[in-house]
Amino acid sequence: MKKSTLHLHPAFTVGDVDPRIFGSFIEHLGRAVYHGIYEPGHPTADDEGFRGDVIDMVKKLGVPIIRYPGGNFVSGYKWEDGTGDKSKRPRRLELAWGVTETNEVGIDEFQSWCRKADSQVMMAVNLGTRGPEEARQLVEYCNHPGGTEYSDRRRANGFEEPFGIKVWCLGNEMDGPWQMGAKTATEYGRVAAEAAKLMKWTDPSIELVACGSSNYSMCGEWEEEVLRHVYDHVDYLSLHNYYGNPSNDTPSFLACNLEMDTFIQTVCGIADYVKKIKRSRKTMYLSFDEWNVWFHSHGAPFEKWSIAPPQLEDIYNFEDALVVGCLMMTLLRHCDRVKMACLAQLVNVIAPIMTENAENGGRCWAQTIFYPFMYMSQYGRGKVLDTRVECETYSTDRVKNVPYVESLAVLHEDTNELDIFAVNRSLEEASEFTFDLSAFTGKPEIIEHVVLYHDDLKAINTAENPDNVVPEASGDASANGTAIKATLGKQSWNMIRVKL
Ligand code: AHR
């Protein structure tokens, strides 16, 4: 058995976790909206056509903010299409994903769904085929109390009270050639700065997210140039990245959160450089508003211009869940800068929650990645400690010096609880994991040691077998005075809850 030691002290902290780090994302794409959150014919559908079984699952995940309506979709979206009388809404060719959009669900319905799911909307505006004025009008529609054209349009549509949407994204992946209306960094920086001014003049209480680059390989000059234009006008810069294992190199795949770590550090460095040259006192915070594993479904065919075909339906396996657990630890370890993050996406489309259409049985189930997210969302909201793990490392062709054990500690001062999350990346050996709590007050007691393990890295959950990969409180963590000892089984995700 290998050995690993976690070093921690209550005086060494990173910061408090902003709950919005447990955000997610719903795009008009595939079966995310139609047959995902919305399916009027489904047995659990409510009077607005929202699936009750899906809302229950979303509530279990505890997702405080949800980005909407895209994604690539937003760069061609006319927000007015998703408001008012449903019978008058246009059907449109949706160019981002090659389908037909019916607009049965839009701005009006999504804010209502979010309330039902105990969440809030993070609204993205179209800076691809549209510009600052249309973005500003949407802010007026959503947030202005009344007495003006767009706010009165909302009231006439049945919403007397403003939606009060706080967080707004200035476009989506505007550096990507695949994006409708893609822009150079200078073009985007100028448009985003002008949109930001108009939007904040319409509602000064909102917070704005500027587009960073679409992934780590594209980052660098884009961030610097965009920030030179928008630094004084926005509150967050976005990061996007997806991870995959197409060559079936699991040891490298399990280390991809180290690349996420480098990405975050790099963007912080660029943002702080622009802060310096602008002589600004403001710190630019980060919104990692698209992250997940995504590669299983690449190239899957669908019928062009059809309505809500299955698209991007990655079926996640057990090793994907280990990776998601590691990625979440990296996000939380940067909670001093990363204030928001969105697991992309939420239902059916590269998602933790899957559904069947009503005519196919209408079942709903949790994919493997649901579980590390759910537990970290529930027990990761506290103070992240600045910890170090002492353990052996391994190297592959792609990555060097990867610690076998990834770990994160979150202190809950209100309930006197310390929650430790840990992944053992070794595919062969368990690790004897120890830590000492003598610097903390009280006599520690183990509340529970939850383990997510499967002997088959490729094991999946399905509608027929939804409980194939599920966590169990089966770990052996024990306290001897202030010394805690636990076995981290090979290829396992663990949560050790300690009462102090
Ligand atoms: O989440 C799927 C797509 O990935 C989004 O539409 C886009 O922003 C990203 O490229």
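For ligands, and for the atoms within them, numbers begin at 1 and follow the listed sequence.
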Whether [Y] and [X] form a salt bridge (side-chain N of Lys/Arg under 4.0 Å from carboxylate O of Asp/Glu) is what I want to check.
{"X": "R89", "Y": "E104", "result": "no"}
{"X": "E406", "Y": "R425", "result": "yes"}
{"X": "E39", "Y": "R51", "result": "yes"}
{"X": "R115", "Y": "E48", "result": "no"}
{"X": "K458", "Y": "D456", "result": "no"}

What are the atoms of ligand 1, with element, lying closer than 4.0 Å to any heavy atom of [X]?
{"X": "F25", "result": "1 (O)"}
{"X": "I350", "result": "1 (O)"}
{"X": "G71", "result": "5 (C), 6 (O), 8 (O)"}

Minimum-distance protein heavy atom relative to [atom]:
{"atom": "atom 10 (O) of ligand 1", "value": "E173 OE1, 2.7 Å"}
{"atom": "atom 2 (C) of ligand 1", "value": "Q345 NE2, 3.5 Å"}
{"atom": "atom 7 (C) of ligand 1", "value": "N72 OD1, 3.2 Å"}
{"atom": "atom 6 (O) of ligand 1", "value": "E27 OE1, 2.6 Å"}

[X], any N or O under 3.5 Å of ligand 1 N or O:
{"X": "W97", "result": "no"}
{"X": "Y242", "result": "yes"}
{"X": "H240", "result": "no"}

**Q.** Proximity to ligand 1 by part of V349, non-hydrogen separation under 4.0 Å
**A.** neither
Q: Answer side chain, backbone, both or neither: which part of F73 comes under 4.0 Å from ligand 1, heavy atoms only.
A: neither
**Q.** Ring-ring centroid check F263 Y216, cutoff 6.0 Å
**A.** yes
(Q) Rounded at 0.5 Å granularity, tell me how far CG in L408 sits from CZ in F421. (A) 7.0 Å
(Q) Can you tell me how far apart CD (E173) and CH2 (W222) are? Round to the nearest 0.5 Å. (A) 10.5 Å
Q) Looking at F50, Y77, Y68, which one forms a ring pair (Phe, Tyr, Trp, His ring centres under 6.0 Å) with F110? A) Y68
Q) Of the listed options (E290, R67, Q311, H28), which comes nearest to atom 4 (O) of ligand 1 when hydrogens are ignored and any heavy atom counts? A) E290
